[in-house]
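Atoms within a ligand are numbered from 1 in the order they appear, just like the ligands themselves. Since this is a predicted model, take the numbers as computed values, not measurements.
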Amino acid sequence: MSDYLINTSEDYNNIYQKSTNDLEEFWSTLAKDNFKWQKSWNSVLEWDFSKPEVNWFQGAKLNITENCIDRHLESNGDKTAIIFEPNDVNDKSEHISYSQLHKRVNKMANVLKGIGVKKGDRVCIYLPMIPDLAISILACARIGAVHSVVFAGFSAAALSTRINDCQCEIVITSDGSFRGNKILNLKKIVDDALNDCPQVSSVLIAERTKSKIELKSGRDKLLNNLIKNASDSCSIEIMDSEDPLFILYTSGSTGKPKGMVHSTAGYMVGAGYTFKNIFQYQNNDIYWCTADIGWITGHSYIVYGPLLNGATTIMFEGVPSYPDYGRFWKIVQKHKVNQFYTAPTAIRALAKEPIDFVNRYDLSSLKVLGTVGEPINEEAWKWYNKEIGKNKCPIVDTWWQTETGSIMISSIPNVIESKPTYATLPFIGIQPALMDENGNEIIGNNVEGRLCIKFPWPSMARTIWGDHKRYKETYFSAFKNKYFTGDGAYRDEKGFYRITGRVDDVIIVSGHNLGTAPIEDAINEHDLVAESAIVGVPHEIKGNSLFGYITLKQELDSEESLSDIKKDINQLISKQIGPIAKLDRIEFVPGLPKTRSGKIMRRILRKIAHRDVNNLGDVSTLLNPDVVKKIIEIIIK
Ligand code: WT7
């Protein structure tokens with residue numbers, strides 16, 4: 001029996017070595033000893049990256065909800081599985097125990113069966129961060145339906161594209177959603193989306209805001225009524241290892257969103273094992289990830305990873321700024337959160353606010369801090385470490401992707417040291433490679449290249465829904481026999497990895513490869529700078545020159561001080577990176593265009609810098625589409 005827990009650096013070295021010396025032996029022992037199977041596998045791994053085809057635990061049978069819920073019931077039925085923290089501070093939080101979760105998932109599963117959902121059917125879930133969201137996901141998994149969660153901030157057009165791409169016939173939504181002091185009419189968005197989705201036969205509506213909604217007869221059903229009459233027992237559907245568990249859309253640099261397909265067994269093993277070790281989750285810990293379940297982070301590290309480990313996981317409905325910028329820290333104090341996992345964009349936004357919003361609260365329960373989603377700049381890292389972690393909580397900077405299903409490169413608390421801006425070492429079983437532009441692997445340390453993964457890992461996505469050719473082209477064609485991540489990375493003298501940003505963000509200036517992240521890091525050191533984004537603009541002599549968009553923490557009044565700041569910024573860059581990375585043009589803007597997951601859309605900034613503003617593509621899914629117009633006005637004077 002081996003749980004392969006990683007508690008010391010020796011454990012890490014030994015287990016890592018074991019996992020790479022004999023990949024199959026390692027993963028099969030881990031899978032066999034730590035998860036519940038209805039039938040064991042015939043072969044651990046079959047793979048061929050040239051097709052690409054990857055099969056893990058072939059022939060095995062299981063259901064992931066038996067692993068997330070049923071197996072904890074006997075010893076831990078009364079333990080809280082989910083703490084729901086509502087948007088409004090004055091509303092009570094809700095504690096759902098594992099046995100209550102079991103009943104609620106079963107009821108929901110029976111409702112789905114009742115409207116005809118069968119194994120393999122796709123179900124679109126468009127819900128705010130309320131318990132029904134986690135319950136719907138698990139109910140689908142229980143009966144073998146493939147869930148496709150769409151972030152409930154997406155527009156009707158984005159929703160209908162995703163519903164149609166995987167031909168969902170069922171949509172689960174709510175009457176509305178609370179976001180800070182706003183109420184969004186989700187049902188209306190669904191109605192608009194469904195004008196383009198004739199195949200949808202049923203819409204299930206959870207009650208949240210009690211907003212007035214219109215029901216389309218024959219199609220729309222109120223969930224409360226159905227749940228009331230549903231049985232609370234439902235046997236598990238027995239799934240094959242490679243049966244799809246879910247689809248989750250991620251946007252590519254071009255074209256329509258890609259429906260990444262995740263498998264049942266491999267995803268389970270990856271999400272379960274990484275959660276336990278990277279967050280060093282101990283039995284009675286309270287764990288909180290602030291992501292939305294509409295993203296992979298929420299799938300793997302709010303729902304599946306924690307529940308697979310019998311953990312207590314918090315679901316927060318609201319936003320970090322409501323009723324004020326102290327909300328996150330208020331929640332940490334209230335629930336005595338032990339592990340806290342968020343994104344650099346949230347950290348930067350909160351760091352801009354008066355420190356009193358932090359210092360009002362007791363954060364002494366915190367043991368581990370996590371960050372994910374984009375490179376974290378050094379200033380934000382230091383603020384997080386000092387003000388939130390009080391210099392005593394290891395920070396796990398976790399690098400991974402929707403496509404990888406679980407964390408791939410990360411430090412491990414008290415095992416692999418944290419190093420600002422470094423994701424550090426590959427997780428167990430993961431073998432990264434840095435590649436040069438000619439397709440050769442770059443060996444040794446103190447080197448930079450394109451980040452690839454050499455061998456399959458259990459939780460990798462198996463295909464793009466309906467477009468295996470695109471899957472092959474996007475991830476397996478740039479480098480022979482390797483998975484290409486699309487990111488660049490630097491490997492330091494200790495073998496630690498620093499993610500330098502998407503490779504399409506690399507700018508070559510006078511023959512020097514410059515990642516945008518280190519330059520932005522240097523700029524953000526400036527006391528008055530809130531955020532920055534660098535793009536390349538074609539330059540006659542240098543090939544490219546650097547153009548910087550800067551947002552300031554506060555408005556300044558005189559032209560003169562702005563030009564001082566420009567000088568200071570270039571001095572900082574010269575100091576941190578070298579004069580080669582100095583910016584040719586610096587513009588102060590009121591905000592940066594961001595995706596809903598908080599990533600800066602450099603593509604748009606690049607086009608504006610190129611004065612190519614008639615062809616910006618779809619900006620409607622941005623978090624802040626209005627800022628684009630304002631930036632254009634400033635740049636194209
Ligand atoms: C891309 C994947 C996986 C959860 C959320 C994002 C960037 C992610 C880090 C990190 C530097 C990071 C990469 C990656 N990214 N985590 N810790 N440090 N960059 O999922 O939307 O699929 O985006 O996010 O560029 O390729 P996603």
**Carboxylate-amine/guanidinium proximity below 4.0 Å for R327 and E85** = yes
**Fill in**
Counting heavy atoms under 4.0 Å, the part of T398 that contacts ligand 1 is backbone
**Request:** Identify whether NZ of Lys or CZ of Arg in K419 sits under 6.0 Å from the centre of the six-membered ring of Y422 and within 45° of that ring's axis.
**Result:** yes
**Request:** Within a distance under 4.0 Å of any heavy atom of T402, pick out the atoms of ligand 1 and give their elements.
**Result:** 20 (O), 21 (O), 22 (O), 27 (P)
**Prompt:** Does T371 reach ligand 1 with a nitrogen or oxygen that is under 3.5 Å from one of the ligand's nitrogen or oxygen atoms?
**Reply:** no
**Message:** Give me the nearest non-hydrogen protein atom to atom 21 (O) of ligand 1 as residue plus atom name, then the distance to 0.1 Å.
**Reply:** K599 NZ, 3.5 Å
**Request:** Check whether NZ of the Lys or CZ of the Arg R450 lies under 6.0 Å from the centre of the six-membered ring of F479 and within 45 degrees of that ring's axis.
**Result:** no
**Prompt:** Which residue holds the protein heavy atom closest to atom 5 (C) of ligand 1, what is that atom called, and what is the gap in Å?
**Reply:** T297 OG1, 3.5 Å
**Prompt:** Does ligand 1 have a heavy atom under 4.0 Å from the side chain of D487, from its backbone, from both, or from neither?
**Reply:** side chain
**Request:** Evaluate the ring-ring contact (aromatic ring centres under 6.0 Å, His included) criterion for residues W400 and F427: first the C-alpha distance (whole Å), next the side-chain angles of each, then the deciding distance (0.1 Å), finally the verdict.
**Result:** CA-CA 11 Å; W400 58 299; F427 189 67; over 10 Å; no
**Asked** Are any of the N/O atoms in T485 less than 3.5 Å from those in ligand 1?
**Response** no
**Item:** atom 7 (C) of ligand 1 - nearest protein heavy atom and its distance
**Value:** G373 O, 3.3 Å
**Request:** Using a strict 4.0 Å cut-off to heavy atoms of W400, name the atoms of ligand 1 that fall inside it.
**Result:** 2 (C), 3 (C), 4 (C), 8 (C), 14 (C), 16 (N)
**Prompt:** Could a heavy atom of P375 be found less than 4.0 Å from some atom of ligand 1?
**Reply:** yes
**Prompt:** Nearest to atom 18 (N) of ligand 1, what protein heavy atom do you find, and at what distance?
**Reply:** E374 O, 3.4 Å
**Message:** Out of all atoms in ligand 1, which are within 4.0 Å of some heavy atom of D397? Include the element for each.
**Reply:** 10 (C), 17 (N), 18 (N)
**Request:** Of all the heavy-atom pairs spanning L425 and K494, show the shortest one and how long it is.
**Result:** CD2-O, 4.4 Å
**Asked** Would C289 and T297 count as a side-chain contact (heavy atoms from CB on, under 4.5 Å) if you check the C-alpha gap in whole Å, the side-chain angles of each, and the deciding distance to 0.1 Å?
**Response** CA-CA 8 Å; C289 166; T297 306; 3.7 Å; yes
**Prompt:** How far apart are the closest heavy atoms of I499 and L451, and which atoms are they?
**Reply:** CD1-CD2, 3.9 Å
**E374 bridged to K594 by N-O distance under 4.0 Å** = no
